[in-house]
Amino acid sequence: MEEKLDEYLDTLIDQFPERVRERISGEIWEEDQQRRAEAEASRHLSVFRVTQNGRADHLVTECRMPIDVLHAAMALRSYLLAKGNSTQRFAESLHSVTDIAPEVFQDYADEFLQRTGRVTAALDIDLDRGEFSALDTADGWETYTIRDVCSAAWHANHNDSLDWAQRLEIFAGRLEHLGIAPPERLSNEKFEFQEQPEAAPFEQTM
């Protein structure tokens, strides 16, 4: 139906003088560009760099509701508790994610720092080292042990009556003063991604 309407409009426009046709076409193009820009601005993207078993995956996910650091911490905790003897990697357990190049991850991280509102989280989760890093618009990369992050996520969701803002406050409070120095690969302004030496996998004991 939409295609037929477009064809009908094109037929009507063709009947106008050339100057009028050009003006109408220009207005239609501007409206289309505005709709595209509004649709792009309404997107919510989160990017992950997940290292496990010596392999680094760079991922992006798009959701109606923004995904923040607590969402990621909850997903990681659930994965570790359910893992058992499974060979599934954490990157494979994430829903609705798409592989991206390291350079694209860097671009999204840069955009997050610009506070455009489209990129809601940039995370680096290294299960081999047992480290969880989140990019903060004010302080840059903040890194914690996975054990501390999972514990903070549990405390944040222990009371079902709390709203999300309250849970985020508890989560942040539990991690206060527990930060560790971020890995060298995250300390560089240009976010250079280097191969990591093979390390013993992190063992979750919660």
Side-chain angles (χ1 to χ4, degrees), residues 41-52 56-63 65-80 90-91 94 97 100-159 162-197 199 202 204 206:
S42 66
R43 297 174 67 196
H44 294 299
L45 307 173
S46 299
V47 289
F48 302 81
R49 182 180 189 272
V50 180
T51 302
Q52 188 173 9
D57 293 279
H58 297 82
L59 310 164
V60 63
T61 182
E62 179 175 356
C63 299
M65 296 299 293
I67 291 180
D68 56 31
V69 64
L70 179 52
H71 286 109
M74 291 166 54
L76 179 59
R77 183 175 186 275
S78 296
Y79 163 80
L80 291 172
F90 178 57
L94 295 170
V97 294
I100 56 176
E103 296 79 9
V104 178
F105 179 94
Q106 175 181 325
D107 291 340
Y108 281 132
D110 289 338
E111 183 177 343
F112 176 79
L113 291 175
Q114 296 168 7
R115 306 185 186 188
T116 64
R118 188 176 70 139
V119 181
T120 60
L123 303 163
D124 184 281
I125 301 170
D126 192 329
L127 285 90
D128 291 346
R129 295 180 178 272
E131 296 174 348
F132 184 109
S133 301
L135 188 58
D136 183 81
T137 55
D139 301 320
W141 287 103
E142 297 180 331
T143 302
Y144 307 91
T145 69
I146 286 178
R147 186 171 287 104
D148 286 340
V149 166
C150 289
S151 176
W154 181 86
H155 284 284
N157 290 280
H158 186 56
N159 188 342
L162 300 178
D163 61 30
W164 194 253
Q166 292 173 312
R167 298 183 190 202
L168 279 172
E169 185 176 356
I170 293 174
F171 180 74
R174 285 282 173 175
L175 291 175
E176 191 173 6
H177 307 307
L178 295 179
I180 59 179
E184 183 179 352
R185 68 176 183 276
L186 299 180
S187 300
N188 299 328
E189 183 179 354
K190 295 300 183 181
F191 305 112
E192 296 178 359
F193 299 99
Q194 304 170 359
E195 292 296 328
Q196 295 296 315
F202 169 74
Q204 175 64 30
M206 292 180 58

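Just so it is clear, the structure is predicted and the values come from calculations on it, not from any experiment.
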What distance separates [X] [atom1] from [Y] [atom2], expressed to the nearest 0.5 Å?
{"X": "T145", "Y": "D126", "atom1": "OG1", "atom2": "CG", "result": "12.5 Å"}
{"X": "H44", "Y": "R118", "atom1": "NE2", "atom2": "CZ", "result": "11.5 Å"}
{"X": "D124", "Y": "L135", "atom1": "CG", "atom2": "CG", "result": "10.0 Å"}
{"X": "L127", "Y": "Y79", "atom1": "CG", "atom2": "OH", "result": "6.5 Å"}

Which pair of heavy atoms, one from [X] and one from [Y], lies closest together, and at what distance?
{"X": "I67", "Y": "T120", "result": "O-OG1, 2.9 Å"}
{"X": "Y144", "Y": "L175", "result": "CE2-O, 3.3 Å"}
{"X": "T51", "Y": "R49", "result": "OG1-NH1, 3.3 Å"}
{"X": "P102", "Y": "H58", "result": "CG-CE1, 3.6 Å"}
{"X": "A152", "Y": "R174", "result": "CB-CB, 3.6 Å"}

Polar side-chain atom of S78 near backbone of M74 as donor-acceptor pair, under 3.5 Å: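 Yes, the answer is positive, given that a donor and an acceptor are paired below the 3.5 Å cut-off.
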Short side-chain to backbone donor-acceptor contact, Q52 and F90, under 3.5 Å: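 Checked: pair present.
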Qualifying residues under ring pair (Phe, Tyr, Trp, His ring centres under 6.0 Å), relative to Y108, sequence neighbours excluded: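 Once residues adjacent in sequence are excluded, Y108 has no partner under the ring pair (Phe, Tyr, Trp, His ring centres under 6.0 Å) criterion.
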Side chain to side chain contact (heavy atoms under 4.5 Å, CB included) partner of L59, chosen from L123, V47, V97: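 Testing L59 for a side chain to side chain contact (heavy atoms under 4.5 Å, CB included) against L123, V47, V97 leaves exactly one candidate, V97.
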Identify each donor-acceptor pair in which a side-chain atom of residues 162-173 lies under 3.5 Å from a protein atom, sequence neighbours left out, and give them as a table.
from	atom 1	to	atom 2	distance (Å)
D163	OD1	A165	N	3.2
D163	OD1	Q166	N	2.8
W164	NE1	D68	OD2	2.8
Q166	OE1	D163	N	2.9
R167	NE	L162	O	3.0
R167	NH1	N157	OD1	2.9
R167	NH2	D160	O	3.1
R167	NH2	L162	O	3.3

E131 and T143 side chains, donor-acceptor separation under 3.5 Å: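 Looking only at side-chain atoms, E131 and T143 do not form any donor-acceptor pair under 3.5 Å.
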S46 and T61: side chain donor to acceptor below 3.5 Å: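 No - no donor-acceptor pair under 3.5 Å links their side chains.
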Aromatic ring pairing W141/F105, orientation class (parallel under 30°, perpendicular over 60°, tilted between):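 Rings of W141 and F105: parallel, as their planes differ by under 30°.
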Under the salt bridge (Lys or Arg N to Asp or Glu O under 4.0 Å) test, residues paired with D57 that sit two or more places apart: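 Counting only residues at least two positions away or on another chain, D57 forms a salt bridge (Lys or Arg N to Asp or Glu O under 4.0 Å) with R55, R89.
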V69 side chain near F132 side chain, heavy-atom distance below 4.5 Å: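 The answer is yes; the side chains approach within 4.5 Å.
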Sub-4.5 Å side-chain heavy-atom contact between I146 and L80: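 Of all side-chain heavy-atom pairs linking L80 with I146, at least one is under 4.5 Å.
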